[in-house]
Amino acid sequence: ELAVIPPPPVKKRRLNGLDTSGVARLLGGLHGCLQSMLGTAASGEAQVQEAPIHELEEEFERYWRLRFDVRSIGESSTAAFLRRFPDVFKVRNNGVYLVVSPVP
């Protein structure tokens, strides 16, 4: 008889210096900034569906008055960080920029 061996558990790289609540607050702050940029928070229907990642970083820094530095939490780029959360953000290349949109 062949024994079925379950696959090893998928290892997720932990974010340096952030616990679960810290990550949740950071994601909430980024998502809120993105929604305000796209106009979805007030009207419910957005004219523009996505924003360049560098503009999201600028909006985050302007709104929260905090420098957004993903290297301090162990990521190589903002796009890499956002891609870790596909249930929250959709990241794609539009041919010119890497753009991000909120997942409904």
Please round to the nearest 0.5 Å and tell me the distance separating atom [atom1] of [X] and atom [atom2] of [Y].
X: L26; Y: F85; atom1: CG; atom2: CZ; value: 8.0 Å
X: L56; Y: E50; atom1: CG; atom2: CD; value: 12.5 Å
X: E57; Y: L30; atom1: CD; atom2: CG; value: 9.0 Å

Practice problem: Check the pair F81, L27 against side-chain contact (heavy atoms from CB on, under 4.5 Å), reporting the backbone distance first and the verdict last. | Solution: CA-CA 10 Å; F81 175 75; L27 289 175; 4.1 Å; yes

Quiz prompt | For A24, all residues meeting side chain to side chain contact (heavy atoms under 4.5 Å, CB included), sequence neighbours excluded | solution =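 Result, side chain to side chain contact (heavy atoms under 4.5 Å, CB included) vs A24: none returned.
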
Quiz prompt | Which residues share a side chain to side chain contact (heavy atoms under 4.5 Å, CB included) with R62, sequence neighbours left out | solution =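 Only E59 meet the side chain to side chain contact (heavy atoms under 4.5 Å, CB included) criterion with R62.
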
Please report the closest heavy-atom contact between [X] and [Y], naming both atoms and the distance.
X: C33; Y: Y63; answer: SG-CB, 4.1 Å
X: R83; Y: V91; answer: NH2-CG1, 3.7 Å
X: V70; Y: S77; answer: CG2-C, 3.4 Å
X: L34; Y: A51; answer: CD1-CB, 4.0 Å

If you look only at distance, which donor and acceptor atoms sit under 3.5 Å apart when one is on a side chain in residues 94-104 and the other is two or more places apart or in another chain?
residue, atom, partner, partner atom, Å
N94, OD1, V96, N, 2.9
N94, OD1, Y97, N, 2.8

